[in-house]
Amino acid sequence: MMKIAIDCDDAAFEFKDAVFSHLKEKGFDITDLKYSESHDCDYPDIAFNLAEKIADGSYDRGIIICGTGLGVAMMANKVPGVFAGTCHDCFAAERLAKSNDANVLTMGARCIGVELGKMIAESYLKSTFAGGGSAPKVSRMRELEKKYFK
Ligand code: RB5
(Lines give C-alpha, C1' and ligand atoms only; values in the text may rest on other atoms or scores of the structure.)
Protein backbone atom coordinates (compact mmCIF):
# COMPACT_ATOMS: atom_id res chain seq x y z
CA MET A 1 0.00 0.00 0.00
CA MET A 2 1.23 3.47 -0.89
CA LYS A 3 2.68 5.29 2.15
CA ILE A 4 1.83 8.98 2.35
CA ALA A 5 3.29 11.78 4.48
CA ILE A 6 1.58 15.10 5.15
CA ASP A 7 2.77 18.29 6.84
CA CYS A 8 2.11 22.02 6.92
CA ASP A 9 3.28 25.35 8.30
CA ASP A 10 1.52 27.72 10.69
CA ALA A 11 -0.72 29.07 7.91
CA ALA A 12 -2.40 25.71 7.41
CA PHE A 13 -2.88 23.69 10.61
CA GLU A 14 -6.69 23.45 10.38
CA PHE A 15 -6.64 22.84 6.63
CA LYS A 16 -4.04 20.09 7.03
CA ASP A 17 -5.94 18.44 9.91
CA ALA A 18 -9.09 18.33 7.76
CA VAL A 19 -7.29 16.88 4.73
CA PHE A 20 -5.45 14.37 6.94
CA SER A 21 -8.67 13.14 8.62
CA HIS A 22 -10.47 12.93 5.30
CA LEU A 23 -7.73 10.82 3.69
CA LYS A 24 -7.48 8.61 6.77
CA GLU A 25 -11.25 8.00 6.63
CA LYS A 26 -10.89 7.09 2.96
CA GLY A 27 -8.41 4.38 3.94
CA PHE A 28 -5.12 5.93 2.86
CA ASP A 29 -1.98 5.00 4.83
CA ILE A 30 -1.11 8.55 5.83
CA THR A 31 1.22 9.92 8.51
CA ASP A 32 1.17 13.47 9.85
CA LEU A 33 4.84 14.40 10.31
CA LYS A 34 4.08 17.53 12.44
CA TYR A 35 7.72 18.61 12.02
CA SER A 36 7.18 22.10 13.43
CA GLU A 37 5.87 20.66 16.74
CA SER A 38 9.35 19.47 17.61
CA HIS A 39 11.44 21.97 15.64
CA ASP A 40 11.36 25.75 15.79
CA CYS A 41 11.12 26.39 12.07
CA ASP A 42 9.11 27.69 9.14
CA TYR A 43 8.02 26.27 5.80
CA PRO A 44 11.54 25.81 4.31
CA ASP A 45 12.55 23.23 6.93
CA ILE A 46 9.08 21.65 7.10
CA ALA A 47 9.03 21.06 3.34
CA PHE A 48 12.66 19.95 3.21
CA ASN A 49 12.07 17.40 5.98
CA LEU A 50 9.11 15.81 4.19
CA ALA A 51 10.92 15.83 0.85
CA GLU A 52 13.94 14.05 2.34
CA LYS A 53 11.63 11.33 3.62
CA ILE A 54 10.25 10.86 0.11
CA ALA A 55 13.76 10.79 -1.36
CA ASP A 56 15.00 8.17 1.14
CA GLY A 57 12.01 5.93 0.47
CA SER A 58 10.30 6.27 3.87
CA TYR A 59 7.17 7.47 2.04
CA ASP A 60 5.96 7.12 -1.54
CA ARG A 61 4.07 10.40 -1.78
CA GLY A 62 3.77 13.61 0.17
CA ILE A 63 1.33 16.46 0.66
CA ILE A 64 2.55 19.79 2.03
CA ILE A 65 0.34 22.76 2.78
CA CYS A 66 1.35 26.36 3.50
CA GLY A 67 -0.36 29.68 2.84
CA THR A 68 -0.03 29.52 -0.93
CA GLY A 69 1.53 26.10 -1.57
CA LEU A 70 4.39 27.88 -3.31
CA GLY A 71 7.18 28.14 -0.74
CA VAL A 72 6.83 24.48 0.22
CA ALA A 73 6.90 23.40 -3.44
CA MET A 74 10.07 25.40 -4.03
CA MET A 75 11.80 23.79 -1.07
CA ALA A 76 10.59 20.25 -1.76
CA ASN A 77 11.91 20.57 -5.31
CA LYS A 78 15.41 21.25 -3.94
CA VAL A 79 15.71 17.63 -2.80
CA PRO A 80 16.98 15.37 -5.60
CA GLY A 81 14.41 12.80 -6.61
CA VAL A 82 11.50 14.91 -5.44
CA PHE A 83 9.11 16.45 -7.93
CA ALA A 84 6.50 18.70 -6.35
CA GLY A 85 3.68 20.71 -7.88
CA THR A 86 1.12 23.14 -6.51
CA CYS A 87 -2.50 22.38 -7.45
CA HIS A 88 -5.69 24.23 -6.71
CA ASP A 89 -7.98 22.25 -8.98
CA CYS A 90 -8.71 18.54 -9.39
CA PHE A 91 -7.77 18.35 -13.08
CA ALA A 92 -4.24 19.62 -12.42
CA ALA A 93 -3.94 17.32 -9.39
CA GLU A 94 -4.79 14.31 -11.53
CA ARG A 95 -2.32 15.40 -14.23
CA LEU A 96 0.37 15.99 -11.58
CA ALA A 97 0.44 12.22 -11.07
CA LYS A 98 -0.63 10.98 -14.52
CA SER A 99 1.54 13.28 -16.69
CA ASN A 100 4.32 14.50 -14.40
CA ASP A 101 4.77 11.51 -12.08
CA ALA A 102 5.20 13.97 -9.21
CA ASN A 103 5.70 12.52 -5.76
CA VAL A 104 4.63 15.62 -3.82
CA LEU A 105 1.46 17.72 -4.02
CA THR A 106 1.35 21.14 -2.42
CA MET A 107 -1.64 23.37 -1.71
CA GLY A 108 -2.29 26.81 -0.25
CA ALA A 109 -4.69 27.07 2.68
CA ARG A 110 -5.14 30.78 1.91
CA CYS A 111 -6.00 30.09 -1.73
CA ILE A 112 -8.78 27.49 -1.61
CA GLY A 113 -11.41 26.12 0.74
CA VAL A 114 -10.82 22.97 2.71
CA GLU A 115 -13.51 20.91 0.93
CA LEU A 116 -11.77 21.53 -2.40
CA GLY A 117 -8.46 20.71 -0.72
CA LYS A 118 -9.80 17.29 0.27
CA MET A 119 -10.97 16.59 -3.29
CA ILE A 120 -7.66 17.74 -4.79
CA ALA A 121 -5.66 15.54 -2.44
CA GLU A 122 -7.85 12.55 -3.27
CA SER A 123 -7.64 13.20 -7.03
CA TYR A 124 -3.86 13.27 -6.80
CA LEU A 125 -3.52 10.16 -4.66
CA LYS A 126 -5.95 8.10 -6.75
CA SER A 127 -3.98 8.88 -9.92
CA THR A 128 -0.84 7.12 -11.10
CA PHE A 129 1.68 7.85 -13.82
CA ALA A 130 0.15 7.04 -17.21
CA GLY A 131 3.43 6.66 -19.14
CA GLY A 132 2.91 6.89 -22.91
CA GLY A 133 3.85 10.25 -24.40
CA SER A 134 4.70 11.58 -20.94
CA ALA A 135 7.37 8.94 -20.31
CA PRO A 136 10.23 10.54 -22.31
CA LYS A 137 9.44 13.95 -20.82
CA VAL A 138 9.56 12.66 -17.27
CA SER A 139 12.76 10.73 -18.05
CA ARG A 140 14.26 13.95 -19.38
CA MET A 141 13.38 15.78 -16.16
CA ARG A 142 15.18 13.10 -14.17
CA GLU A 143 18.16 13.20 -16.54
CA LEU A 144 18.52 16.99 -16.39
CA GLU A 145 18.20 16.94 -12.62
CA LYS A 146 21.34 14.76 -12.41
CA LYS A 147 23.44 17.68 -13.71
CA TYR A 148 23.24 19.19 -10.22
CA PHE A 149 23.60 16.00 -8.18
CA LYS A 150 26.62 16.14 -5.88
C1 RB5 B 1 3.33 32.25 5.81
O2 RB5 B 1 4.50 31.91 6.48
C3 RB5 B 1 3.49 32.06 4.30
O4 RB5 B 1 4.58 32.79 3.84
C5 RB5 B 1 3.69 30.60 3.95
O6 RB5 B 1 2.69 29.83 4.51
C7 RB5 B 1 3.66 30.28 2.46
O8 RB5 B 1 2.54 30.80 1.86
C9 RB5 B 1 4.87 30.54 1.70
O10 RB5 B 1 4.97 30.22 0.50
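The model shown is predicted, which means the values in this text are computed figures rather than measured ones. As the structure lists them, so they are numbered: ligands from 1, and atoms in each ligand from 1.
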Trainee: Pick out the protein N or O atoms lying less than 3.5 Å from any N or O of ligand 1, and list each pair with its distance.
Mentor:
| residue | atom | partner | partner atom | Å |
| --- | --- | --- | --- | --- |
| ligand 1 | 6 (O) | Asp9 | OD1 | 3.4 |
| ligand 1 | 6 (O) | Asp9 | OD2 | 2.5 |
| ligand 1 | 6 (O) | Gly67 | N | 2.7 |
| ligand 1 | 8 (O) | Gly67 | N | 3.1 |
| ligand 1 | 8 (O) | Thr68 | N | 3.0 |
| ligand 1 | 8 (O) | Thr68 | OG1 | 3.2 |
| ligand 1 | 10 (O) | Thr68 | OG1 | 3.3 |
| ligand 1 | 10 (O) | Gly71 | N | 2.9 |

Trainee: Could you pull out every donor-acceptor pair under 3.5 Å between side chains of residues 107-116 and any protein atom, sequence neighbours left out?
Mentor:
| residue | atom | partner | partner atom | Å |
| --- | --- | --- | --- | --- |
| Glu115 | OE1 | Lys118 | NZ | 3.4 |
| Glu115 | OE2 | Lys118 | NZ | 3.0 |

Trainee: Find the distance between CG (Leu105) and CD1 (Ile63) and round it off to the nearest 0.5 Å.
Mentor: 5.5 Å
Trainee: So how far is it from Leu23 CG to Lys26 NZ, rounded to the nearest 0.5 Å?
Mentor: 9.5 Å
Trainee: Could you tell me whether Lys137 and Asp101 have a side-chain N and a carboxylate O separated by less than 4.0 Å?
Mentor: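 A salt bridge is absent here (no side-chain N lies under 4.0 Å from a carboxylate O).
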Trainee: What residue pairs, at least two apart or across chains, pass ring pair (Phe, Tyr, Trp, His ring centres under 6.0 Å) with a residue in residues 83-112?
Mentor: none
Trainee: Restricting to pairs with a member in residues 28-55, which pass ring pair (Phe, Tyr, Trp, His ring centres under 6.0 Å), not counting sequence neighbours?
Mentor: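 Residue pairs passing ring pair (Phe, Tyr, Trp, His ring centres under 6.0 Å), neighbours aside: Tyr35-His39.
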